[in-house]
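Model, not experiment: these values are computed from the prediction. To find a chain, count down the sequence lines: A is the first, B the second, and so on, and within it residues start at 1.
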Number of protein chains: 2
Amino acid sequence: MNINKIIIDISEKNHIRLTHQRKKVIEILISNSNRHVSAEDIYTLIKDKDDNIGLATIYRTIKILEDKGILIRHDFGNGEAKYEFVMKEKEKHDHLICKQCGKIIEMAGILPENLNQKVLKEKGFYCKEFHLIIYGYCDECNNVRVNQSVHSKVKY
Amino acid sequence: MNINKIIIDISEKNHIRLTHQRKKVIEILISNSNRHVSAEDIYTLIKDKDDNIGLATIYRTIKILEDKGILIRHDFGNGEAKYEFVMKEKEKHDHLICKQCGKIIEMAGILPENLNQKVLKEKGFYCKEFHLIIYGYCDECNNVRVNQSVHSKVKY
DNA sequence: GTGAATGCAAATTCTTTGCATATGA
DNA sequence: TCATATGCAAAGAATTTGCATTCAC
């Protein structure tokens, strides 16, 4: 199935009117589904292809796709939302973020299998999406840390 | 241990110079440690007590407390950071957020015990903080959803 | 043809920063 | 005393909105 067919498929299944701009946004999202992209990223990637689009349109499109569950929004805590295209085939994964260098490492299979039932039973809550972010230190940064001192003596 | 003593304790342990404003911020955080408060919330709560403080000071204080690990920052995806005072005694918990009404339910004991070792072994990553947010539907909203139709026919 | 989408610029919201003044240790 | 914190207002960054124009169906 080529990318054009996939896009048409998405738009029809989700009742999204397919404009030139929306097509471009979805195209970029699909071809970058291995990354986390911001609205600005999408904007730049489209501009790079000598295509014109307004940032506002991107924000509006993103919101629709998110509503439809086609796009997952991540807040990694730097004040900029990142988006990830949902591929059925792709394994769900969580994110490890280094507090020192900001690197994001993906890791799958962290959460237990039976979480949905557990949460439903205990809290009457129907789980749809699990967002687990683990903050800590990656290997390299941790080595630097232990060589220096972990507890800063800096006076504020 | 009264609240004043606790605040002095925090400031000394963490080498934070104790100003009138910082005292106020910490005081508000402690007395609202059962909630998630934003910078604006803290500002309003202090103003309500007929005390004066600048928003900038609150942001600066928050940043220090977060650096010191006294405060946990949560990004719940509405563009506003929320903070939670860390009480040693308080059990760590995760958050269930209803996609419909926005309600936040706290739940403890979701994550497995041995995560630190697992992540370290698999990815060489040293875990410090676990932020698990589960998006879904609370009991009430889910009832409404199943009575209506789950899939919107609205054309965008 | 017509209601809905777009682009632009202006408006909003949250957060940060520069600088003169005030203050805690 | 004196480095550091504060308040204010201005700057920044991300996102949203109003409105005239354009476009998909």
Side-chain angles (χ1 to χ4, degrees), chain A residues 4 7-8 10-28 36-44 46-47 50-68 71 73-83 102 152-156, chain B residues 4 7-28 36-44 46-47 50-68 71 73-83 152-156:
Chain A
N4 217 42
I7 294 173
I8 292 173
I10 289 174
S11 83
E12 286 178 352
K13 269 211 190 73
N14 295 281
H15 312 276
I16 298 170
R17 173 177 297 183
L18 209 49
T19 66
H20 176 70
Q21 291 86 336
R22 288 179 177 177
K23 210 180 272 188
K24 282 294 159 194
V25 171
I26 299 175
E27 200 180 301
I28 289 293
H36 306 108
V37 292
S38 64
E40 193 73 37
D41 291 336
I42 298 170
Y43 182 71
T44 310
I46 292 178
K47 288 283 195 181
D50 288 326
D51 238 307
N52 200 39
I53 193 168
L55 241 188
T57 301
I58 292 176
Y59 278 108
R60 285 188 276 236
T61 304
I62 281 174
K63 181 159 290 170
I64 294 169
L65 298 177
E66 200 193 344
D67 280 354
K68 299 291 191 181
L71 211 51
R73 176 199 168 113
H74 294 288
D75 292 286
F76 290 141
N78 58 350
E80 191 190 44
K82 298 273 190 177
Y83 294 89
S152 153
K153 289 291 186 305
V154 178
K155 183 92 183 175
Y156 283 92
Chain B
N4 217 42
I7 295 173
I8 292 174
D9 210 57
I10 290 173
S11 84
E12 286 178 352
K13 269 210 191 74
N14 294 282
H15 311 277
I16 298 169
R17 173 177 297 184
L18 210 48
T19 67
H20 176 71
Q21 291 87 336
R22 289 178 177 178
K23 209 180 272 186
K24 283 293 158 194
V25 171
I26 298 175
E27 199 180 302
I28 290 293
H36 306 107
V37 293
S38 65
E40 193 74 36
D41 291 337
I42 298 170
Y43 182 70
T44 310
I46 291 177
K47 288 284 195 180
D50 289 327
D51 238 308
N52 201 39
I53 193 169
L55 242 188
T57 302
I58 292 176
Y59 277 106
R60 285 188 275 235
T61 305
I62 281 173
K63 181 160 289 169
I64 293 169
L65 297 177
E66 200 194 343
D67 279 354
K68 298 292 189 180
L71 212 51
R73 176 199 168 113
H74 294 288
D75 292 287
F76 290 141
N78 58 350
E80 190 190 44
K82 299 271 190 178
Y83 294 88
S152 153
K153 292 290 188 302
V154 179
K155 184 91 182 174
Y156 283 91

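Taken from CG in B:D75 to CD in B:E80, the straight-line distance is 10.5 Å, to the nearest 0.5 Å. Note that CD1 of B:I58 is 9.5 Å distant from OG of B:S38, once rounded to the nearest 0.5 Å. Note: A:Y83 OH to A:H36 NE2 = 13.0 Å, rounded to the nearest 0.5 Å. Between atom CZ of residue B:R22 and atom CD1 of residue B:I26 there is a gap of 8.5 Å, rounded to the nearest 0.5 Å.
End-to-end axis angle of the helix from C:dG1-D:dC25 to C:dA25-D:dT1, using five pairs per end and rounding to 10°, comes to 40°.
Side-chain proximity of B:R17 to D:dT6, C:dC14, D:dT4: nearest is D:dT4. For B:R22, the listed nucleotide lying nearest its side chain is D:dT6; candidates were D:dA3, D:dT6, D:dT15.
B:I53 has its side chain within reach of B:V25: a pair of non-hydrogen atoms, C-beta onward, lies under 4.5 Å apart.
Going from atom CD1 of A:I16 over to atom P of C:dA5 covers 10 Å, rounded to whole Å. Rounding to whole angstrom units, NZ of residue A:K23 and C1' of C:dA5 are separated by 15 Å. Taking atom NZ of residue B:K47 and atom P of nucleotide D:dC8, one finds them 7 Å apart after rounding to whole Å. Regarding B:N52, its CG atom lies at a distance of 12 Å from the P atom of D:dT6, rounded to whole Å. Going from atom CG of A:L65 over to atom C1' of C:dA5 covers 14 Å, rounded to whole Å. The OH-C1' distance, from A:Y43 to D:dT15, rounds to 14 Å in whole Å. The CG-P distance, from A:D75 to C:dT15, rounds to 12 Å in whole Å. Rounded to whole Å, the distance from NE2 on B:H15 to C1' on D:dT4 is 17 Å.
Checked against ring-ring contact (aromatic ring centres under 6.0 Å, His included), A:Y59 has no partners two or more places apart in sequence or in another chain. Listed by chain and residue number, B:H20, B:E27, B:I46, B:D51 satisfy the side chain to side chain contact (heavy atoms under 4.5 Å, CB included) test with B:K24 (two or more places apart in sequence, or in another chain). In this structure, the side chain to side chain contact (heavy atoms under 4.5 Å, CB included) partners of A:N4, at least two apart in sequence or on a different chain, are A:N2, A:I8, A:K23.
Contact between the side-chain N/O atoms of A:S38 and the OP1/OP2 oxygens of D:dA14 is not found at any separation under 4.0 Å. For D:dG7, the OP1/OP2 oxygens have a side-chain nitrogen or oxygen of B:Q21 closer than 4.0 Å. For the pair A:T57 and C:dG7, the criterion of a side-chain N or O lying under 4.0 Å from OP1 or OP2 is met. Residue B:T19 places at least one side-chain N or O closer than 4.0 Å to OP1 or OP2 of D:dT6.
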Do any N or O atoms of the protein come closer than 3.5 Å to N or O atoms of nucleotides 16-20 of chain C, and which pairs are they?
unit_1: C:dT16; atom_1: OP1; unit_2: B:K63; atom_2: NZ; d: 3.0
unit_1: C:dG18; atom_1: O6; unit_2: B:R60; atom_2: NH1; d: 3.4

Would you list the protein and nucleotides 10-13 of chain C atom pairs, both N or O, that sit under 3.5 Å from each other?
none

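The neighbour count for B:K47 NZ, taken as heavy atoms of other residues, nucleotides or ligands under 6.0 Å away, is above 12.
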Verify side-chain contact (heavy atoms from CB on, under 4.5 Å) between A:I62 and A:I42, making sure each step is shown before the conclusion.
CA-CA 10 Å; A:I62 281 174; A:I42 298 170; 4.0 Å; yes
Passes side-chain contact (heavy atoms from CB on, under 4.5 Å), B:I16 versus B:K68? Steps please.
CA-CA 9 Å; B:I16 298 169; B:K68 298 292 189 180; 4.2 Å; yes
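In this structure, a donor-acceptor pair under 3.5 Å is absent between the side chains of B:T44 and B:D41.
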